[in-house]
Amino acid sequence: MDGKQKEHYTQRQDTSAVRHRKTCKTNEGAECLSQPSSETSNGANKRIPKRAGHLSSPSRDDHVPVYTLVLVLVLSVCTRFYKITEPPHVCWDETHFGKMGSYYINRTFFFDVHPPLGKMLIGLAGYLTGYDGTFPFIKPGDKYEHHNYWGMRAFCAALGSCLPPFAFLIVLELSHSTPAALIAASLLIFDTGCITLSQYILLDPILMFFIMGSVLCMVRFNTQRLRPFSFSWWFWLLLTGVCLSGSLGVKFVGLFVILLVGINTAFDLWRLLGDLSLSLLDFGKHLLARVFGLIMLPLFLYTTIFAVHFIVLNRSGPGDGFFSSAFQSRLIGNNLHNASMPEYLAYGSVITVKNLRIAGGYLHSHWHLYPEGVGAHQQQVTAYLHKDYNNLWLVKRPDNSDDLTGPPELVRQGDIIRLEHKETTRNLHSHFHEAPLTKKHLQVTGYGINGSGDVNDLWQVEVCGGKKGDPVKVLRSKVRFLHRSTSCVLCSSGKTLPKWGWEQVEVTCSPYVKETPNTQWNIEDHINPKLPNISLSVLKPTFLEVLWESHIVMIRGNSGLKPKDNEMNSKPWHWPINYQGLRFSGVNETEYRVYLLGNPVIWWLNLLSLALFVLMLTVASLAKQRGVKMEGMRKVHCHTLMEGGGMLLLGWLLHYLPFYIMGRILYYHHYFPAMLFSSMLTGITLDIFLQNLHLLFSSSISHHLMRGGQFILLLGFIYSFYLFHPLSYGMRGPLAQDPASSMAGLRWMESWEF
């Protein structure tokens with residue numbers, strides 16, 4: 001049989017199999033006794049496994065799911081785009097991500113703890129819809145006025161509108177039940193939280209779009225098992241990889257869906273390895289194809305995102321100080337870009353000193369003192385992440401003698417120096433008082449006036465890897481400053497000081513003299529008119545060095561996000577029970593208020609459905625283990641619970657449980673990716689529960705109960721959305737605590753603050 005005949009024969013067999021299943025009538029759960037066989041991918045005759053979709057497909061017009069899908073899409077678009085321009089001012093984190101979109105339009109470099117894809121797409125959407133990147137996005141509540149902001153909101157709403165159709169298709173593929181798919185999609189269509197999160201300039205709708213896209217493509221790829229290496233097989237495999245790179249390119253929590261796809265792929269390969277009709281050569285092809293599509297392609301695309309990011313953002317901006325001096329030398333407008341300065345450090349030089357720990361900051365001081373009870377009541381010395389005049393220090397001899405007429409004397413390995421703060425004229429100083437945060441370290445202060453001080457102002461210069469007498473090279477030498485009196489070493493701890501320290505980084509004197517990036521510094525800016533200058537163009541890093549450094553900065557920045565004073569911090573156990581929302585806009589009765597809170601009917605139903613799913617899965621597993629005979633739809637439902645439901649439960653767990661071990665500040669909106677999986681699982685769980693009511697009631701009664709249950713669910717979603725829709729579309733007037741408020745009767749929990 002040649003290739004075309006073989007393909008034609010396979011198609012005929014597949015068609016006859018579908019026709020056979022459609023014409024096979026079931027009665028009270030009875031199943032067809034015969035199943036046609038089809039050729040597997042390697043040509044061996046093999047029985048087609050019974051699939052839930054074929055056994056449970058209703059003998060109705062095949063276009064019914066298509067019409068339902070169109071209805072889902074229309075409702076989703078309408079709920080997301082309604083009042084998309086309201087309110088016409090900055091809401092919540094639009095102040096961050098709208099500003100970052102402006103940075104891309106202006107090609108200004110900035111720092112953020114998330115990968116760049118989401119902000120790049122927001123900037124692109126704004127650019128294509130006429131936004132010129134001039135709005136400052138200073139704080140929530142600022143009026144947009146004449147600025148064209150709707151395009152960025154519309155882009156996020158468009159991606160958010162795709163979530164219910166994606167859920168519909170995923171659940172339809174897993175359960176082959178239109179009611180289950182419609183329930184899952186309705187949960188997302190009428191959820192006020194999903195609507196609110198989709199209507200503003202945020203990363204969340206972009207992230208959830210790629211997460212759901214990854215799951216949909218993975219599920220569609222799984223259906224191509226009987227057609228390996230066909231066009232559709234390759235299409236869904238590669239599209240899965242594209243969506244995975246998009247998920248990770250928006251936020252690092254995209255790693256969770258990568259892990260989900262990885263687990264699914266591992267089980268798929270394990271199944272193929274156990275297929276004795278498949279040669280090891282063919283198995284190797286399957287393995288290599290998945291390595292290419294799910295590892296190499298996403299990695300290439302993810303790297304490309306950063307390449308575009310660095311090419312676009314080529315101008316100096318507010319993010320410079322988070323990165324190394326070599327990194328900054330590639331930014332146009334930075335004082336290190338194509339700059340020239342003296343090569344060697346000398347006495348009388350004015351310098352900035354940068355810590356080599358990623359995001360370690362510049363050695364900094366200001367007129368403010370340490371508060372009473374925090375070490376000595378002397379001038380604060382900190383590390384500051386931005387370029388500032390207060391970062392400048394004057395290098396002086398230990399005896400404060402300055403020869404202004406003679407040739408400059410270079411600072412060398414082992415020299416004793418003083419560092420005088422240029423603005424305040426106080427000396428860098430340490431003593432036997434404990435540091436503010438790192439209690440085992442000593443406090444560093446600014447002491448003295450106009451260069452006068454004491455022996456605690458003396459520091460010995462140590463060039464890492466150098467020998468006595470070696471000069472200190474600007475930018476290239478790793479330098480440590482050893483305190484002469486206490487034998488400790490100048491250190492940037494990486495800890496953020498409280499409000500009294502302006503939330504800058506703590507600088508200490510560490511008794512642990514081991515060489516670490518925290519105790520290593522380099523001389524960045526260097527001003528000394530007596531010395532000749534050299535070009536710094538040779539210091540520009542390679543792309544891989546820039547990529548690595550940017551990831552270290554992002555990871556450390558992410559882990560360093562801690563709650564600020566009076567800032568609301570959410571707990572993971574709050575999220576599934578809808579304990580507390582987030583104010584997006586407005587705080588009093590005269591303002592336009594938007595409050596991020598999930599539809600409580602939907603969220604609490606999701607929570608109950610999780611418990612019901614676990615119960616149903618336990619019963620089905622026990623029945624299967626005990627050899628209980630399950631036929632027809634019961635067998636199909638058992639398979640759907642274990643395979644489809646199990647995958648969705650795993651997705652929920654992967655996107656929820658890791659937050660319990662995260663040390664960073666957490667917010668309510670972090671739960672929404674997990675909520676997507678919970679809603680899809682609810683669709684499958686409730687549909688199977690309603691379809692199996694015949695186990696408790698007679699056939700006629702169970703049929704009416706099933707239809708009635710489906711109707712009540714949809715009616716409940718719509719009515720609860722009607723009640724709570726002002727949370728998403730805006731409220732004015734008295735707060736919910738006021739009995740005169742139209743929302744007073746809807747404040748079902750005291751923790752809700754709308």
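Please read all numbers here as calculations on a predicted model, not as lab measurements.
Partners of Asp268 under the salt bridge (charged side-chain N to carboxylate O under 4.0 Å, His left out) rule, at least two apart in sequence or in another chain, are Arg225, Arg271, Arg290. Applying the side chain to side chain contact (heavy atoms under 4.5 Å, CB included) rule to Leu690 yields the partners Leu693, Met706, Gln710, Leu713; only residues at least two apart in sequence or on another chain are considered. Qualifying side chain to side chain contact (heavy atoms under 4.5 Å, CB included) partners for Tyr660, counting only residues two or more places apart in sequence or in other chains: Pro572, Trp573, Tyr656, Leu657. Annotation: side chain to side chain contact (heavy atoms under 4.5 Å, CB included) contacts of Ala180 (sequence neighbours excluded): Val171, Ser175, Ser177, Asp687. Arg153 pairs by the salt bridge (charged side-chain N to carboxylate O under 4.0 Å, His left out) definition with Glu94, not counting sequence neighbours. For Glu750, the salt bridge (charged side-chain N to carboxylate O under 4.0 Å, His left out) partners are Arg747, not counting sequence neighbours. Listed by chain and number, the residues in a side chain to side chain contact (heavy atoms under 4.5 Å, CB included) with Ala158 are Phe81 (sequence neighbours excluded).
The aromatic rings of Tyr667 and His669 sit parallel to each other, their planes meeting at less than 30°, with 60° as the upper class boundary. Between Trp575 and Tyr671, the ring planes are tilted. Angles from 30° to 60° get that label. Classified by interplanar angle (parallel below 30°, tilted 30° to 60°, perpendicular above 60°), the ring pair Phe256/Phe659 is perpendicular. Ring geometry for Tyr144 against Phe135 counts as tilted: the plane angle lies between 30° and 60°, on a 0 to 90° scale.
Side-chain contact between Tyr592 and Glu86: present, with at least one pair of heavy atoms (C-beta onward) separated by less than 4.5 Å. Side chains of Met100 and Phe137 form no contact here, defined as non-hydrogen atoms less than 4.5 Å apart. Using a 4.5 Å heavy-atom cutoff, the side chains of Phe613 and Leu686 are not in contact.
Trp150 and Asn148 share a side-chain donor-acceptor pair at under 3.5 Å. No donor-acceptor contact under 3.5 angstrom links the side chains of Asp142 and His89, judged on distance only. Side-chain contact check for Asn599 and Thr192: no donor-acceptor pair (N or O, by modelled atom type) lies under 3.5 Å.
Sequence neighbours left out, not one pair with a member in residues 708-726 passes salt bridge (Lys or Arg N to Asp or Glu O under 4.0 Å). Within the structure, salt bridge (Lys or Arg N to Asp or Glu O under 4.0 Å) contacts touching residues 636-663 (residues at least two apart or in different chains) do not occur. Screening residues 249-267 for side chain to side chain donor-acceptor pair (under 3.5 Å) gives Asn222-Asn264 as the qualifying pairs, with residues at least two apart or on separate chains. The side chain to side chain donor-acceptor pair (under 3.5 Å) contacts involving residues 609-618 comprise nothing, where partners must be two or more places apart or lie in separate chains.
Residue Trp603 forms a ring pair (Phe, Tyr, Trp, His ring centres under 6.0 Å) with just one option from Phe190, Tyr668, Phe717, Tyr579, and that option is Tyr668. Each of Tyr131, Phe97, Tyr127, Phe110 was scored for a ring pair (Phe, Tyr, Trp, His ring centres under 6.0 Å) with Tyr104, with one residue passing: Phe110.
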If you look only at distance, which donor and acceptor atoms sit under 3.5 Å apart when one is on a side chain in residues 209-217 and the other is two or more places apart or in another chain?
| residue | atom | partner | partner atom | Å |
| --- | --- | --- | --- | --- |
| Ser214 | OG | Phe210 | O | 2.8 |
| Ser214 | OG | Cys243 | O | 3.3 |
| Ser214 | OG | Leu244 | N | 3.4 |

